[in-house]
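One structure is given below, encoded as structure tokens.
Note that the numbering runs from 1 along the sequence shown for the chain. Any value given below was found using the heavy atoms of this structure, including those in side chains, with hydrogens, waters and symmetry copies removed.
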Amino acid sequence: MSAATLQNLDQASLHHILELHTMFKARRPGDRIANLSYIDLTGVKLEGVDLSDANLTGARLYGAALRDANFIRANLYGADLRNADMRFARLDRADLRGACLRGANLTAASLIGCDLREGSIAFKDEKQGLRLMKHEKRPGELDYAVLTGADLSGARMNGTQAVATDFRDANLSGAVMSQAKLRKANLSSANLSGANLTSADLTGADLTDAIMVDTTTAGCNFSEADKTGVLDGPQPVYIDDHPLIECIASHEAWVKTGGAQGTRQILNGVDFRLADDLRKRSLSTLEAENGVFFGLDLSGIEMQGANLVNADLRRCNLSGADLRGARLIGAKLGHANLEGANLGPLELGAGRILRSDLSRARLPYASLINADLTRARMLEAVLDHVRDKGCNYTLTERA
């Protein structure tokens, strides 16, 4: 960005601006909304600061430490955020048009409904008339940025340049990404449900295990893209001519009557997404290896001793679920809500127990708050950015 357009600010002045902004947010007398437009804040440390609704148009925040910062509804039009640390920052509905985010770290950041389209800022110049503020890289750029686990639902990214950008496990549902340049982007396990990718360039992109339900892909370039395991829309399921809902009801009857009624079901590889309400259902010992449960509300469900090996439980609500003794080896549990879930051992009588097994399970960004993992196996489990306050890990086997 051209230094001639920027002003410097000493630490005392910056502190005063932030103090007045805090007063503004608290609606206290003498308040003033922060105006940091066209200020050079290279390398500034503002972790956890509240700059919601602030004006940072054209500000230079190169390499800034902005972890946990609040930029909700902030005006960051044309800002230089290259290599900034914005992990867990909140940028919902922020105006990021023309901002340069090349190499920025936005891991687990919230960018719901933000505007990441291209844009440019023009200045009056006595000699040249109007001239553009220039970044060292093109504006509206996300090249090499890290957005793993970020929430970009509903974001406007028309024409955005995001070459080799890391969107693993990100939520891009409903995002408008028409004509976006996503060459070699990593979108593995990203949620692209309802996203608009019309005429986007995804050459060489990694889309393994991405969710593409109702995704618009007209005119997309998928040359050399890896689409292994992409999850599209659910289809009606019948087992031996019986609809899935009847099979689930039969298994539940078998559980509740101790086998006197109904039939134990083997539903390996079945897509459960069109099943009836599964909350608080009694489905212990269910065979559902490789089953697809993506996004379902399974709160309070009883699945003691169930076979859920390699099952897709991403973004499921499993709060309060009884999963004692369940086999979850290799299961996908990214962003799953397991708050208060019981994953402890299942007592089989005569002093025998069946331990829950989450070996090689993937739980990035999952919530294990107040969950019980007593004696569970979690060998080689992926636990990146898991929230586990109050989780009981007594005798848990972890590599």
Side-chain angles (χ1 to χ4, degrees), residues 6-28 30-96 99-116 142 145-153 155 166 169-171 335 339 364-369 383-391:
L6 300 176
Q7 299 178 5
N8 293 315
L9 195 68
D10 60 55
Q11 190 62 40
S13 297
L14 176 59
H15 178 75
H16 182 61
I17 289 172
L18 295 177
E19 189 175 61
L20 291 179
H21 187 74
T22 299
M23 294 169 63
F24 167 77
K25 299 304 293 186
R27 298 182 179 180
R28 288 162 53 192
D31 61 356
R32 184 183 305 164
I33 193 167
N35 184 356
L36 294 165
S37 55
Y38 311 116
I39 300 295
D40 190 342
L41 296 166
T42 300
V44 71
K45 297 184 184 299
L46 293 173
E47 293 99 335
V49 72
D50 184 356
L51 280 168
S52 55
D53 299 298
N55 184 5
L56 293 106
T57 302
R60 181 184 174 106
L61 290 150
Y62 179 90
L66 304 170
R67 179 173 175 146
D68 292 306
N70 182 354
F71 290 103
I72 292 174
R73 296 179 303 276
N75 186 352
L76 288 152
Y77 190 106
D80 183 355
L81 290 156
R82 288 173 297 140
N83 296 330
D85 180 1
M86 304 182 77
R87 289 173 293 169
F88 305 99
R90 289 172 289 167
L91 293 126
D92 301 343
R93 301 181 298 288
D95 188 349
L96 287 154
C100 189
L101 289 145
R102 183 183 178 90
N105 188 345
L106 289 140
T107 298
S110 181
L111 297 105
I112 299 169
C114 72
D115 196 338
L116 284 155
L142 278 166
V146 178
L147 290 122
T148 56
D151 190 345
L152 290 138
S153 54
D166 191 347
D169 296 296
N171 182 7
H335 292 279
E339 294 183 14
Y365 309 100
S367 177
L368 290 166
I369 295 171
L383 299 164
D384 299 340
H385 305 290
V386 163
R387 302 186 305 280
D388 58 359
K389 183 178 181 180
C391 184

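When all heavy atoms of S110 and D92 are compared, the pair lying nearest together is OG-OD1, 2.5 Å. Across all their heavy atoms, A34 and L51 have their closest contact at CB-CD2, 3.8 Å. Between L66 and A84, the shortest heavy-atom distance links the atoms CD1-CB, 4.4 Å. The two atoms that bring L111 and A150 nearest to each other are CD1-CB, 4.2 Å, heavy atoms only. Across all non-hydrogen atoms, the minimal contact from D40 to T42 is OD1-OG1, 2.6 Å. The shortest non-hydrogen separation linking A79 to L56 is CB-O, 4.0 Å.
Contact of the E47 side chain with the D68 side chain is not registered, since no non-hydrogen atoms from C-beta on lie closer than 4.5 Å. Between H21 and I33, the closest side-chain pair of non-hydrogen atoms falls below 4.5 Å.
Note: F88 and H385 have perpendicular aromatic rings, judged against thresholds of 30 and 60 degrees for the angle between ring planes.
With sequence neighbours left out, the salt bridge (Lys or Arg N to Asp or Glu O under 4.0 Å) criterion links K25 to D53.
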Just list the side-chain donor-acceptor pairs under 3.5 Å for residues 13-20, sequence neighbours left out, or say none.
| residue | atom | partner | partner atom | Å |
| --- | --- | --- | --- | --- |
| S13 | OG | D10 | OD1 | 2.9 |
| S13 | OG | D10 | OD2 | 3.4 |

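To the nearest 0.5 Å, the span separating CZ on F71 from CG on L61 amounts to 6.5 Å.
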